[in-house]
Amino acid sequence: ALYTAPIFTQEGAPATGAVLVCEDITALKKLEQMRTEFVSNVTHELKTPLTSIRATIETLRTIRPMDEQLQEEMLEIMDLQSERLQALIDDLLSLAEIEHDKEIGEETCDLGEQASQAIALLRSQAESRAVSLSLTLEGQAIVQAPSGRIRRLVINLVDNAIKYNREGGAVHVQVAVLGGRARLTVSDTGIGIAPEHQSRIFERFYRVDKGRSREMGGTGLGLSIVKHLVSLYGGDIYFNSVQGEGTTFTVELPLAGNR
Ligand code: ADP
């Protein structure tokens with residue numbers, strides 16, 4: 001884009017020159033394209049469960065007399081689909097809130113304590129897939145971030161480590177203090193991520209296997225939320241994955257007082 005603007009001298013004398021503003025239109029176009037894509041993804045993701053709920057209501061209305069077992073199944077579908085809608089709305093709101101935040105605030109929390117709480121919350125989910133959960137704490141990792149957000153970060157990573165695991169697999173979480181940084185690692189013995197997908201998993205709504213992600217209650221926004229949180233609190237995230245063997249995610253955050 002090219003704009004010209006007249007220049008005025010202090011006395012208000014007429015222009016003697018011009019200012020040229022050059023903008024990188026490709027970057028702007030790309031941003032605009034990403035925004036459009038995001039809106040269309042959101043619309044699609046919201047419409048799918050809604051369509052299913054409406055279709056089920058229609059069936060309940062049409063079929064008379066309704067067999068009791070069938071009715072129970074229909075209610076189950078609506079229950080599941082509304083849970084999906086709720087999860088999606090919650091994640092979209094969290095993402096918008098984190099993206100909007102520019103300041104990190106004064107609050108501090110213990111990463112180890114939040115990891116331990118996250119594991120407690122996910123224990124029954126892990127048990128339902130016979131996945132074992134373990135935690136090792138080394139040192140006190142106090143970070144400058146609200147406890148709820150740090151817990152959310154750990155929950156999202158451990159939740160994935162359970163979901164994309166095999167029946168009877170294991171998830172190990174470790175919190176340590178290393179070189180003035182707090183380090184969280186979440187390792188699983190799961191399906192792993194094929195090399196061609198690895199560069200895209202932090203994108204919003206990107207899933208390697210849509211069916212599996214949905215079946216497991218995934219919104220496709222979990223890792224995107226993690227990435228935004230890590231970046232807001234000045235940390236780094238990376239992972240190592242071998243297909244068919246497992247994945248290890250590592251998050252490093254500055255220790256409070258070490259920023
Ligand atoms: P979802 O809600 O689909 O789990 P995420 O943003 O949390 O969304 O993750 C994006 C995708 O990355 C998942 O759909 C899955 O394909 C892949 N993924 C994330 N974590 C793991 C993991 N620990 N092992 C294997 N694949 C994973």
Side-chain angles (χ1 to χ4, degrees), residues 34 37-38 41-42 44-49 80-99 115 118-119 121-123 125-126 128-135 149-174 183-232 235-251:
M34 275 169 66
E37 211 175 292
F38 178 63
N41 275 334
V42 171
H44 175 74
E45 297 288 336
L46 289 171
K47 266 190 172 168
T48 315
L80 253 169
Q81 297 298 338
S82 43
E83 256 178 37
R84 205 172 128 192
L85 269 179
Q86 183 73 59
L88 201 60
I89 291 166
D90 289 348
D91 275 0
L92 281 168
L93 286 177
S94 298
L95 202 56
E97 201 185 278
I98 299 160
E99 275 183 323
I119 286 181
L121 284 168
L122 293 168
R123 194 151 301 277
Q125 188 190 325
S128 71
R129 307 204 62 232
V131 169
S132 71
L133 282 180
S134 56
L135 172 68
R149 286 196 166 172
I150 293 300
R151 194 165 56 243
R152 168 55 50 201
L153 184 157
V154 185
I155 287 175
N156 286 6
L157 291 177
V158 177
D159 178 55
N160 280 348
I162 298 169
K163 283 191 306 196
Y164 304 107
N165 218 314
R166 54 179 166 81
E167 284 274 332
V171 175
H172 183 64
V173 181
Q174 188 174 27
R183 176 188 282 187
L184 165 81
T185 56
V186 179
S187 309
D188 67 60
T189 57
I191 58 175
I193 304 158
E196 65 269 30
H197 295 288
Q198 292 191 358
S199 63
R200 303 199 58 190
I201 57 162
F202 292 107
E203 286 174 25
R204 295 182 276 199
F205 294 121
Y206 189 82
R207 294 121 151 170
V208 174
D209 177 348
K210 262 201 162 88
R212 180 171 181 139
S213 162
R214 287 214 178 111
E215 195 190 314
M216 294 285 172
T219 61
L221 294 172
L223 283 182
S224 186
I225 290 176
V226 169
K227 188 154 190 207
H228 276 84
L229 283 172
V230 171
S231 136
L232 176 64
D236 292 303
I237 181 162
Y238 45 92
F239 66 95
N240 233 310
S241 188
V242 180
Q243 222 181 339
E245 284 186 21
T247 307
T248 297
F249 278 89
T250 304
V251 170

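Only heavy atoms go into these numbers, but all of them, side chains included; no hydrogens, no water, no symmetry mates. Just so you know, ligand 1 is whichever comes first in the structure, and atom 1 is the first atom listed for that ligand.
- The residue from Ser187, Gly220, Ala87 that puts a heavy atom closest to atom 2 (O) of ligand 1 is Gly220.
- Ranking protein heavy atoms by distance to atom 3 (O) of ligand 1, first place goes to Ser213 OG, 2.5 Å.
- Taking 4.0 Å as the cut-off, Lys163 counts as a neighbour of ligand 1 on heavy-atom distance.
- Minimum heavy-atom separation, Gly222 to Asn156: O-ND2, 3.1 Å.
- Ligand 1 places these atoms under 4.0 Å from at least one heavy atom of Arg207: 3 (O), 14 (O).
- Under the 30°/60° scheme for interplanar angles, the aromatic rings of Phe249 and Phe202 are found to stand perpendicular.
- Below 3.5 Å of separation, one finds an N or O of Leu223 facing an N or O of ligand 1.
- Between Glu97 and Arg152 no salt bridge is recorded (no basic side-chain N to carboxylate O distance below 4.0 Å).
- Between Ser224 and ligand 1, no pair of N/O atoms sits closer than 3.5 Å.
- At a 4.0 Å cut-off, at least one heavy atom of Gly192 sits close enough to ligand 1 to count as contact.
- Looking only at protein heavy atoms, the nearest one to atom 26 (N) of ligand 1 is Ile193 CG1, 3.3 Å.
- Proximity of a side-chain donor or acceptor of Asp188 to a complementary backbone N or O of Val171 within less than 3.5 Å is not detected.
- Below 3.5 Å of separation, one finds no N or O of Ile191 facing any N or O of ligand 1.
- Per-residue contacts place Gly218 under 4.0 angstrom from the following atoms of ligand 1 (heavy atoms of the residue considered): 2 (O).
- The protein non-hydrogen atom at the shortest distance from atom 15 (C) of ligand 1 is Tyr164 CZ, 3.6 Å.
- The distance from ligand 1 to the heavy atoms of Gly222 drops below 4.0 Å at these ligand atoms: 5 (P), 6 (O), 7 (O).
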- Apply side chain to side chain contact (heavy atoms under 4.5 Å, CB included) to the pair Leu133 and Val173, showing each step before the final yes or no. CA-CA 8 Å; Leu133 282 180; Val173 181; 5.6 Å; no
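- Scanning the protein heavy atoms around atom 23 (N) of ligand 1, the nearest turns out to be Asp188 OD2, 2.9 Å.
- At a 3.5 angstrom cut-off on N or O pairs, Tyr206 does not count as close to ligand 1.
- Interatomic distance, Leu157 CG to Thr250 OG1, rounded to the nearest 0.5 Å: 9.5 Å.
- Applying side chain to side chain contact (heavy atoms under 4.5 Å, CB included) to His44 and the options Leu46, Val42, Thr48, Asn41 leaves one that passes, Thr48.
- With respect to the salt-bridge test (charged N to carboxylate O, under 4.0 angstrom), the residues Lys163 and Glu215 do not qualify.
- Looking at Arg129 and Met216, their side chains come closer than 4.5 Å, going by heavy atoms from C-beta outward.
- The residue among Ile201, Ile225, Leu88, Thr247 with a heavy atom at the shortest distance from atom 12 (O) of ligand 1 is Ile201.
- The single protein non-hydrogen atom nearest to atom 19 (C) of ligand 1 is Asn160 ND2, 3.5 Å, given as residue, atom name and distance.
- Taken from CZ in Phe205 to OG in Ser213, the straight-line distance is 10.5 Å, to the nearest 0.5 Å.
- Taking any N or O of Val208, backbone or side chain, at least one lies under 3.5 Å from an N or O belonging to ligand 1.
- Gln86 is listed as a side-chain neighbour of Asp90, based on a closest heavy-atom distance under 4.5 Å.
- Residue Thr219 has at least one heavy-atom neighbour below 4.0 Å for each of these atoms of ligand 1: 2 (O).
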